[in-house]
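Right, one structure below, let's go through it.
Labels below follow one simple rule: chain letters A, B, ... track the order of the sequence lines, proteins then strands, and each chain is numbered from 1. All values reported here derive from a predicted model rather than from experimental measurement. No hydrogens, no waters, no symmetry mates; every other heavy atom, side chains included, goes into these values.
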Amino acid sequence: MSIESVDPDDVDAADILGSAIERREDPALLTGDAEYTDDIQLPQMTHMAVKRSQHAHAKIEGVDTSTVEEMDEVIAVFTADDIDVPGNLPVGWLLDSLKQVDHPILAEDRVRYQGDAIAVVLAEERYAAHDAVDAIDVDYERLEAVTSPQEALNGGTDLHEDAPDNVALDWEIGDEEKTREAFEEATHTASIDLENQLLIPNAMEPRAAVADYNPSTEELEVAMTSQNPHLHRLLMSGVIDHPEHKLQVRAPDVGGGFGSKIHHYADEALAAWAAKQVERPVKWVATRTETYLTDAPGRGHETHGEIAMDDDGNILGLKVDTEANLGAYLSTFAPSIPTYLYGTLLSGQYDIPAIHAEVTGAFTNVPPVDAYRGAGRPEASYLVERLIHLGAREMDMDPAEFRRQNFVPDDAFPYETQVAVVYDSGEYEKTLDRALEMLDYEDFRERQEQAREDGKYLGVGFSAYIEACGLAPSELAGQLGAQAGLWESSLVRFQPSGTVTAYCGTSGHGQGHDTTYAQIVANELGIDYEDVDVVEGDTDEIPQGMGTYGSRSAAVGGSSLVKSSQKVVEKAKSIAAHQLEASEDDIEFENGEFRVAGAPDRSMHIKEVAEAAYLAHDMPDEVEPGLEATSFYDPDNFVFPFGMHAAVVEVDPDTGEIEFEQYVAVDDVGNQINPKIVEGQIHGGVAQGIGQALYEAAEFDDNGQLLTGSMQDYAVPKAEHIPEMDTDSTVTPSPHNPLGVKGVGEAGTIAAPQAVVNAVCDALEPFDVDHIDMPLKDEKVWRAIHENGGGD
Amino acid sequence: MEFDGTFTIEDVSTEEVWLALSDPILIKQSLPGCQFLTRIDDPDDVDFDALQEAEPEEDPVTLPEADPEDISERAFVESGHYAALMQISVGSVKPSFRTVVTIDEREFPEMNATGEGSASDSSFEMASGMTLVETDEGVDIEWQAEADVFGKVAQMGQRVISPVANRVVSRFFGSVEDRLTEVAEDEDSSGLRDRVRNLL
């Protein structure tokens, strides 16, 4: 069911939106013509390396840089004592209970995770900088480290004076009393204790920055691996005390982020600050080890959940208690992830009359935790779908039918959940039915029964996921604690010859925005796709922007481009009307052509209008020359994509090995701008979700030392580990954005883990295995079977 | 991380093994990468550079040539502190660990020690012990160590560290064995044995 790419030349201009055209960014990415941050070479450029704590928790008794200062190629060494600016990384999401703690860019007297920055060296050459860093002598007094939120909250050594018992935040959502009553009324309940393990993002390109300061103009340019250059500019300008209008942040080609390049880290700020100190360009590129030690990991929940049902299998209530790992300090958006991006999704696709969730965020000696592809929503969906699996088992009902019975019905939209959000649109049975058809479900159950008799253990696992993308409107985000708006801005500009440059404040890093945004703009303006160029990721070129994360680019950035294009068309229309000597009301616009109604011969193409607008020889009164428009689009609500994923696996009870027989993904992401890109996002997302289900986990020893600090020890799945996927989609447009799109960037990652775990637990039902914590490594699966007396 | 093992040396007595493993000179020469191993007074104030400079160009003789009484004189003492500089190749890195060891217990045939070492980007803390057991063939050295490793070396993971530890341990005991075998092959060996026994 794979979608065929098409050449844009073979697509009619009128059909460009929604066509599976090839990505225009790929030739540069594939041939090496792309420019990544590390490709940038500037005259007189210096190289920065960071001295990092070897301990997860220690007092710093002294830092001796004397031998380093004498080294030939060393230009400068800086420690916390040299920092003459605020140098404190801010948190961008506040909650009432949040304990805001200092997060210095260089540790002063204490380090709180392995990798915490202590000093930086600038040298003439990259390897000299790293050698010099090795020669810095740090005197530590080691302290007890704690890496699990549960242990941190229950007697672990405090990390911060201002956060007793390591409590970073205490948060709840839903109605506790109503939920208590629902559980009293219930005749059936099921419960689970699970861990949603800490994951390391593993973007292909490590974080990097090149900073260049001009002392005469005081202009500071920072090229860096960013998912949101404007946000980085705003935060960095405060951290290093440099005026925002003299600071340019630019994202060259960026090799993936998965959330890890949203946040403002110490390293990029240090590179920018250091460039001012030495008045020479500074380049910093993280080694792969540094990305493992310092890129914000994701997930890290320890949760108790319960579900309550009546005799007929109707869900009555859901109760959740989560301890969330926030790491050593508060990363940029950390407080929002285990709260508003998690608790608000706990209703899943279901009509649940009572929900209550409590979340305690804990400081621990792991790197600051933040958004990682899915960010809060995979944790919610995993918990809900695991509880649904156990609820169906408790009711002795078929898991597909148990879901169907409890779905939010099609006629209930917009649907207000018990956890503070309103779902825009959904037709959940449609994706379930399509998935069942693709699975040949009834036949599968027969095969499963037959196989069990033959000593073979097959299982199917469902994942009816929902996600919330394009967090909005800004007013709501503000009420929830965001210290930023969540609109998106764009500028659509005609050149006199009729070509167009579209600027957007999002910042793609692999998503294919150059292609999809051009499709959107070409469609709105009625011009050739090839005549539209897209620019993102540069604060000097783009009016303003909020960036790319949370699957927001199409829904918010794309819609902003629609708004700007529409403004351009409006202006063009007035110019066309003037030149065609007709009333504006009589002008019709179709496929790029302005026509006078009833007089089809009198027409003017929008490209001609552009030329006329720049010649400005004959403009209507009150209309300025030029043809461009800017807009700031602030959506009315989130969008809520959904879908049904299902995994079919066989588990070998003698070895614990899991083998995929089938993986089905039916996604509804609203209207699709480019179905090939949608499919690619699903493929990549599912691969990442399977990575979490079966292979990946950030593991630490008792001293907080990362045991999975390289690709040899941290298993990112390879192609051979990922099954063929049967993908299909349904389309339920979002009613509240002009494109009717929802969001697809995180769908697969959110959906896949519970499909796999549910399938394994279904396969192991004869052994009474209720739950196995991810990653489902062979040994763990084998033990679960054997604890219940199965297998050889 | 925990490591343990038993190393068997044939045709020797527990007393001979004890004498060998009591000798800082022999230990230094047997430990791959050990630059020096010197008794110190204050474990909290060690000048490694000075110790390295003070290190004589040639070591005093040790087994098989050394006089047991000389060895006994310089043997490890209970509650004694020792400083060592150890360079170990782990994967692509070659850190030099400034190490301080304290002999916590030393009572024939058992010895326990704790130590910690630090290099620029890595460090370790270790507790180790060994017991000598006389067998029909010779002596079994039963040893165990528990180590916490920090920093870059820890990052390499047990998969890399374990083979390194095994290599160090097997080279060390191999060297001790070679020297003791030379002692045993020495015509005066029975005499040495008696003198060692008397020392204990």
**Asked** Take atom CE in A/M711; do more than 12 heavy atoms of anything else shown fall under 6.0 Å from it?
**Response** yes
**Prompt:** Should we count CG of A/D72 as having more than 12 external heavy atoms under 6.0 Å?
**Reply:** no
**Asked** Can you tell me if CZ on A/R783 sees more than 12 non-hydrogen neighbours from other groups inside 6.0 Å?
**Response** no
**Request:** Please examine the side chains of A/R142 and B/F150, heavy atoms only from C-beta on, and report whether any two atoms are closer than 4.5 Å.
**Result:** yes
**Asked** Do you know which of A/H55, A/K51, A/R52, A/Q114 has the most heavy-atom pairs with chain B at a distance under 4.5 angstrom?
**Response** A/H55
**Message:** Below 4.5 Å, heavy-atom pairs only: which of A/N703, A/L706, A/T708, A/D702 has the largest tally toward chain B?
**Reply:** A/N703
**Asked** By a 4.5 Å heavy-atom criterion (distance strictly below it), what part of B/V149 contacts chain A: side chain, backbone, both, or neither?
**Response** backbone
**Prompt:** Would you say the side-chain atoms of B/Q155 pair up with the backbone N or O of A/L707, donor to acceptor, closer than 3.5 Å?
**Reply:** no
**Request:** Step through the shown structure and confirm whether more than 12 heavy atoms of other residues, nucleotides or ligands are within 6.0 Å of CD on A/E779.
**Result:** no
**Message:** Tell me whether the count of non-hydrogen atoms from other residues, nucleotides or ligands lying under 6.0 Å of CD in A/E144 goes above 12.
**Reply:** no
**Asked** Considering all heavy atoms of both residues, which atom of A/Q705 and which atom of B/A154 are nearest to each other, and what is their separation?
**Response** OE1-CB, 3.3 Å
**Enclosure of A/K780 NZ (heavy-atom neighbours >12, cutoff 6.0 Å)** = yes
**Request:** Output the distance between atom CG (B/D121) and atom CD1 (A/I136), rounded to the nearest 0.5 Å.
**Result:** 11.5 Å
**Item:** B/S123 portion near chain A, given a 4.5 angstrom heavy-atom threshold
**Value:** both
**Request:** Report the distance from atom CG of A/D137 to atom OG of B/S118, rounding to the nearest 0.5 Å.
**Result:** 7.0 Å
**Prompt:** Under the side-chain contact (heavy atoms from CB on, under 4.5 Å) criterion, do B/K152 and A/D134 qualify, and how do the steps go?
**Reply:** CA-CA 10 Å; B/K152 199 174 266 183; A/D134 284 347; 4.0 Å; yes
